[in-house]
Amino acid sequence: MKKKLVSVLLAATMLASVLAGCGGSDSAPAADAPAETAPAEEAAPAESEPAPEAEDTAEAGEEAPAADGEAVTLKWAIWDKDITPYWQALKDNYEAANPNVTIEMTDLGSTDYMTVLATELSGSGSDFDVVTIKDVPGYATLVSKNTLEPLDSYISAAGIDVSQYGGVDKQVTVNGSLYELPFRNDFWVVFYNKDIFDNAGVAYPTNDMTFEEYDALARQVADPTFGAQVYGTHYHTWRSAVQLFGVLDGQHTILDGTYDYFKPYYEMVLKQEDDTICRNYADLSAEGLHYSAAFSGGDVAMLNMGSWYISTLIASLQSGEYDSSLCGNWGIVKYPHAEGVEAGSTLGTITGLAVTSVSANKEAAFDFVEWVSGAEGAKVMAETGNFPALMTDEVAGIIAGLEGFPADPESKEALSVSNLYLEVPYAENVSEINDILDTYHKSIMNREMTVDEGIAAMNEEVGKVLGQ
Amino acid sequence: MGQTNSNEENKKFRSKRKSEIAGKVGVYLILLLITACMVVPFLWMLSASIKSNREVFLMDPFVWIPENPKWDNYINIWTKIPLLKFVENTVILTIVVTILQLLTSSFAAYSFAKLEFKYKNGLFLAYIATIAMPWQVYMVPQFIMMRGMGLNDKLLAMICLQAFSAFGVFLMKQFYEGIPNDLCEAARIDGMSEYKIYARIMLPLSKPALSTLTIFTFVNTWNDYLGPLIYLRSETKKTIQLGLKMFIGQYSAEYGLIMAGSVVSLIPVIIVFLCLQKYFVEGVASTGLKG
Amino acid sequence: MDEKKAAQVKKLEAESAELMKMIRTEGDIEKKKKLIAKRDGIQRKATAIRNNRRISRETKRDMVAYSFIAPNFIGFAVFTLIPIVFAFLLAFMDWDGSNEASFVGLKNFQKMVGDTFFVAAFKNTIIYVIGTVPLTMIASLALAIVLNQKIKARGFFRTVAFFPYVASLVAITAVWSMIFHPSKGPINYLLLTVFGVPQNELPKWFSGSLVLFTLILFSVWKYMGYYMVIYLAGLQGISAELYEAGSLDGATTWQKFRYITWPQLRSTTFFVVVMLTINCFKVYDIAVMLAGGGDGKLSTSATVLVYYIYQNAFNYWDLGYSSALAMVLFLMVLVVTLIQFRYEKKLSE
C-alpha cells in the first residue's frame, strides 16, 4: 500500500516536472533572453572604447567595493519595459560604467505592480536584489513586511546628502530610517491644447492662476454644443485629480484624518460636471477612459496630470500614435493655486529604488541604487524625457530642450516647482487610508453620496484606521 | 342530440386548434425576443469591431456594417499587445488542464462508481464538501502554499489549480453509475483487469459525459480571470483574459480594437462548444446533473 | 510459526461464531447488517491467513481502487484540501505573509462588527444572491420548457441561449458597458428618444442604487443558458405518459405544469438552486468588471465579499482577516445549502 502510494507520488512529481518543463520552456526564454543577450552586446563596446568611460569606471570603482573583482548579477524589478525607455538606458549606462556588474531586469507589468512585487517578496524565495518602488502605499506594505533593507548605514557610508532631494525623503522616512532612494520625481501640471483656446478666442492659461481663474477659464473655453462638444477641462478618475487640490496650501495632508478641506474642490468639479464643462465621472468610469485618450482626442482644453505625461505625449506625437492635428499644439502651465498661496505649489509622486533584505549582494545593489538616484542617473532620466528626483537647472534645461517640447517660455517656466507635496506621504496604514479615500471619492463622484456625506464617511473611516 | 354533441365537439376542437396556433405563435415570439436579447450583444461586438471610434456610438443613423469597415482592427490588435503570447499561454493551459481533468476525473470516478473499497464514502464526501466550498475561501492559503512550492508566476500553478477539480469527479461518477454493473461484472468474469474494463468498456461509453466535462472545463479555464490574476504576474505568462483586460485599460477609447480583441478571445470556446454541442444536453441528462 | 497461525485462525473463528449468535438474536435490521459485515471481514481475514496469503484479496482490491483515485486525489488533496484546512487556521491568526504569524483567537471576527466595508459587502452580496437566484431559476426553467417542445430550429435556439455562458467575461462585460453606457449607449438612447426620459434623468447603470440591479440583470442573462441545459436534461427525464394521462383528464397547460412538470423537476430545481446559490455568493469578477471603472475598485454601493477578501489579502496583507471573511462566506453558503437540503428532504417525505 505504502509502496504503491510512494510510486504514484513519484510518478505524479515526474509528470509535474515534465509539465513544468513544457510550461517553462515556452515562457521562460522570452523573459530571460533579452536580459541575457543584452549584457554580452554591451560588454563589447564598453571594453573596446574605454576612453570616454574611463573616468566613470574609476569613480565607480572607488565607491563600490563589489565593483572591483568578481562579476555580480543584480536582479531588478521594473514595469512596462517595452514602452518605458529609461529602464534600458539606466541599465546600459550603469553597466558601461561598471563592467563587472550585470543588471537583469524583470518586468512585472504596470497594472498592480506593487501588489505583484509584494507577492514576490513575501516569505522567502525571492531573488530580487533591487526593486523599484512605484508608490508610497506599496512602499509602506513592503517596509512593514520587513522585505526592504534600511539604507541609513549605506547612505552615511557613501556620504550622500539626502537634502538634495528637496525634503521629499522626509515624507518617506519610516521610524527614522530610509528604505528607498528616489530617482524619479513627477509633479502635476496643467496640460492645455492651444488650438482649442485659439479657436475659442480665449487667452491661454498662465503660470499663476487661482482656482477661481482656472474655473472661469475652463467655463469660457468649453463648448457644450451636442455633437461638437469641447470640454474646458478634464479630471481623470483618480482621487488625486480632485482631492489633492486641497493639500496645495501646505496646511493639510492626506493623512490628517479630517477631510473637510476637500469640500470646495469637490463642489467646483461637480458643478463643472453639471454644466458639461468636463466629462462626467460616471461615463469615464463606465468606459474606463484613460486620460491620454481623453486629451489626445482633441476635445479637452485642459488636463491636470503628472509630468510623466510629457514624455508620453512627445513620443506618441512623434510616432504618429496621436493625431497631431488634434492635440499636437500643446503647452503646460503650473498647477492652479488657492488664494494667497504661492504659485508653483504642486503635487509630487516619487519613484524610488530599494534593496531587498534577502539580497546576497547588498553592497553592489546599493551602489546601483546610489548611481541611479544620483547625478549620473538623473542625466540619463532627463535625456529620456523624464524628471529625475535630483532636479537641477541643468536637468530642467535638458527636458525643455527636448525635441517636441513646447517652445513657449511659459511651458519651460512651468517646470520649476516652489513647493512639492507628495500625493501620499508615508504612514503605517497608508494603504488602507488610500483605499478609503479612493472608495468615497468614487461614491461622491458617482453621486451616490453628497459631498458632505462622503467627507463625513472619510473622516469616520480614516479615523477608525488611525485610532487603531 | 348526437348531432349537436358532435358539433359542439367540433367547435371545441376548432377553438382548441386556434388556441394551439396562437400558443405556437406566442412561443415563437417569446423565443425570438429572448434570442434577440442573447444575440444582440454579440452582434454589437462584431459590428463595433469593424467600426471607427466615432461610428461605434453613432445612433442616428445606426448601421450594423459601416461604409468603410475597419478590418485592420483585427490586424492591429496583434501588434498593440502581445496577444499571440497570451493566446499561446491560454491554449497550452486550457489543453493541458482539460486533458488532465478528463483523465484523472474519469479514472477516479470509475473507482467511486464501480469498485468497493475502504473509506469510499469518506473520500467521496471530501470531494462533495469542497464543491460547496467557494474557491475564494481558500485562495489565499492556497496561494501562499503554491508560492512556497515555487509555483508563483508559473503556468504550472494554474494547471495544478484547475486540473483536479471535485466537480469533474462528481460529474463522471454520476454518469458511470448510470451504466449497468452487469457490463463490468461480465468483463471481470472474463478475467479482464479493472484497468482494462475502464479503458475498453467505460471510456468508449462515456462520450456524452466526457464532452460535457470538456465543455465545462474548457470554458472555465479559458475564461478564468481571478486565478490567473493572482498567479500569473509577469507579462509573458498572462492569459488572454488578463491580456484583454490590460488592453482595455491601456486603450480605453479604442472601442473597435477592444471589440476585435474580444471577438478573437471568443472564437476558440465557441468552436469547441459547437463541436461538442450535439452530445451536450444528452451528456448533462445522462450524468444525472439534474439532481 | 504455523502454530501461531493456527491459534490466530482459531481465535478469529471463535469471534466469528460469537458474532453469528448475535446476528441471529438481533432484531434491528440495520444493526444486523453491520454485524454481518463485521463477521464477513473476520472470516475473510481468517481465510487469508489459512491460504497463506500475505495480502488479503480485500487489500489488493482496495489498492486497485486507490490507484484509480490517486492521480486525481493527490492533486485534489494537495491543492484543495490542505489549503482549506490552512484557511480555517489562518482565520484565527494574525499574519502578513512575511513576518511571524501569531494566534489571536476571535479578534478577526470581532473586527468585522464595526467594519463599514464588510457590512456593505455583506449586504450587497446578500441582495445580489436574493435577486439573482430566483430570477435565473425562473428564466432558465421557462426557457427550458419552451425549448423542450417540438418547435422548428430548436437546436439553433438552444445553442444561442448557451452563448452568453460560453463567452468570456472580460469581452462580454466590455460590450455591456458600451451598450449600457450612461450617456452614449444605445439603451439610454432608446430611453431618451422612444420613451422620452429626460437627459439628466437617464439611468446610470453602473453606479449608485442601480448598480446591483445591473449586476443581477447581467448574471441572469449570462447564466440562464447554463441552467436551462440542466432543466432540459431534467425535462427529458419526465415520461410522456404522465402528460398523456393529464391530457386525457382534460388538464390545462398550467395544470400540467403545476401538477406534473414542477413536482417531477423537484430534484433538478434543488440542484439548480444549490449550485446557483454557491455560484452567486462567489461573485467577484462581474462586479469588478462592470462597476470597477478603470482601476477596478468598488465603492460601497457595489462592493462584494470576495472583493473585500481579495483587498485584505493582496493589498493590505492582512491574511488572517481575509481568511476570517472567507469563513463568513463559507458559513453563509453552508447555512443556505443546509436549509435547502432540509426543505428538499421534507418535501420528499
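From a predicted model like this one, the values you see are computed outputs, not experimental measurements. Each chain gets a letter, A, B and so on, in the order the sequences are listed, and its residues count up from 1.
You'll find the side chain of I230(B) reaches within 4.5 Å of the side chain of Y310(C), heavy atoms only. With a 4.5 Å cut-off on side-chain heavy atoms, Y226(C) and F216(B) count as touching. Side-chain atoms of P41(B) and I179(C), non-hydrogen and from C-beta on, do get closer than 4.5 Å to each other. Inter-residue side-chain proximity for N223(B) and L169(C) is flagged as unmet; no heavy-atom pair is nearer than 4.5 Å. In this structure the side chain of M139(B) reaches within 4.5 angstrom of the side chain of I309(C), judged on heavy atoms. With contacts defined as side-chain heavy-atom distances shorter than 4.5 Å, the pair V169(B)/F76(C) does not qualify. In this structure the side chain of W135(B) never reaches within 4.5 angstrom of the side chain of Y284(C), judged on heavy atoms. Within the 4.5 Å cutoff, the side chain of L115(B) has no heavy atoms near those of the R61(C) side chain.
Separation of atoms CZ (F73(C)) and CZ (F112(B)) is listed at 7.5 Å; rounding is to 0.5 Å. Between Q142(B) atom CD and T80(C) atom OG1 the span is 6.0 Å, to the nearest 0.5 Å. To the nearest 0.5 Å, atoms OG1 (T173(C)) and NZ (K245(B)) are separated by 6.0 Å. Y307(C) contributes atom OH, which lies 12.5 Å from atom CG of L226(B) (distance to the nearest 0.5 angstrom). Distance check: I172(C) CD1 to M45(B) CE gives 4.0 Å after rounding to the nearest 0.5 Å. To the nearest 0.5 Å, atoms OH (Y255(B)) and NZ (K184(C)) are separated by 3.5 Å.
In this structure, chain B has no heavy atom under 4.5 Å from any part of L305(C). If you measure heavy-atom distances from T159(C) to chain B, the contacts under 4.5 Å come from both the backbone and the side chain. F270(C) does not touch chain B: none of its heavy atoms, backbone or side chain, sits under 4.5 Å away. Residue M178(C) touches chain B through both its backbone and its side chain, counting heavy-atom pairs closer than 4.5 Å. Interface remark: V229(C) contributes backbone and side-chain atoms alike to the contact with chain B (heavy atom separation under 4.5 Å). For L89(C), no part lies under 4.5 angstrom from a heavy atom of chain B.
For the set V64(C), L232(C), L90(C), the count of heavy-atom pairs under 4.5 angstrom toward chain B peaks at V64(C). Contact tally against chain B (heavy-atom pairs below 4.5 Å) for I84(C), V274(C), T253(C), I278(C): the top residue is I84(C). Contacts with chain C were tallied for I144(B), L242(B), L229(B), L161(B); I144(B) has the most, counting heavy-atom pairs under 4.5 Å. Your options are V263(B), V40(B), I270(B), D224(B), and the one with the most heavy-atom pairs under 4.5 Å with chain C is I270(B). No other option in F273(B), Y127(B), W44(B), W222(B) has as many heavy-atom pairs under 4.5 Å with chain C as Y127(B). Most heavy-atom pairs under 4.5 Å with chain B, from the set F156(C), W221(C), F163(C): that is W221(C). By number of non-hydrogen pairs under 4.5 angstrom with chain B, the leading residue of P164(C), A91(C), A313(C) is P164(C). The most heavy-atom pairs under 4.5 Å with chain B, out of Y165(C), Y189(C), F281(C), come from Y189(C). Of the listed residues (P141(B), S165(B), S262(B), G261(B)), the greatest number of heavy-atom pairs within a distance under 4.5 Å of chain C belongs to P141(B). When the candidates Y225(B), Y110(B), F42(B) are compared by the number of heavy-atom contacts under 4.5 Å with chain C, F42(B) comes out ahead. Chain C forms more heavy-atom pairs under 4.5 Å with one residue of L274(B), L266(B), V272(B) than with any other, namely L266(B). Among L190(C), V160(C), V166(C), L329(C), the residue making the largest number of heavy-atom pairs under 4.5 Å with chain B is V166(C).
Closest approach of A126(B) to L81(C), counting heavy atoms only: CB-CD1, 4.5 Å. Pairing each heavy atom of Q241(B) with each of V170(C), the nearest pair is OE1-CG2, 3.4 Å. Scanning both residues, F164(B) and P71(C), for their nearest heavy atoms gives CE2-O, 3.6 Å. Nearest heavy-atom pair, Y66(C) versus K118(B), reported as atom, atom and distance to 0.1 Å: OH-O, 2.7 Å.
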Please list every donor-acceptor pair under 3.5 Å in which a side-chain atom of residues 26-39 of chain B meets a protein atom from a residue at least two apart or in another chain.
unit_1	atom_1	unit_2	atom_2	d
Y28(B)	OH	K152(C)	N	2.7
T35(B)	OG1	L31(B)	O	2.5

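Among residues two or more places apart in sequence or in another chain, the side chain to side chain contact (heavy atoms under 4.5 Å, CB included) test is passed with V78(C) by M145(B), M149(B), I74(C).
At least one donor-acceptor pair closer than 3.5 Å links the side chain of S111(B) to the backbone N or O of A65(C).
For an aromatic pair to be called close, the ring centres must be under 6.0 Å apart, and F143(B) with F86(C) fails this. A centroid separation of less than 6.0 Å is found between the aromatic rings of Y195(B) and F68(C).
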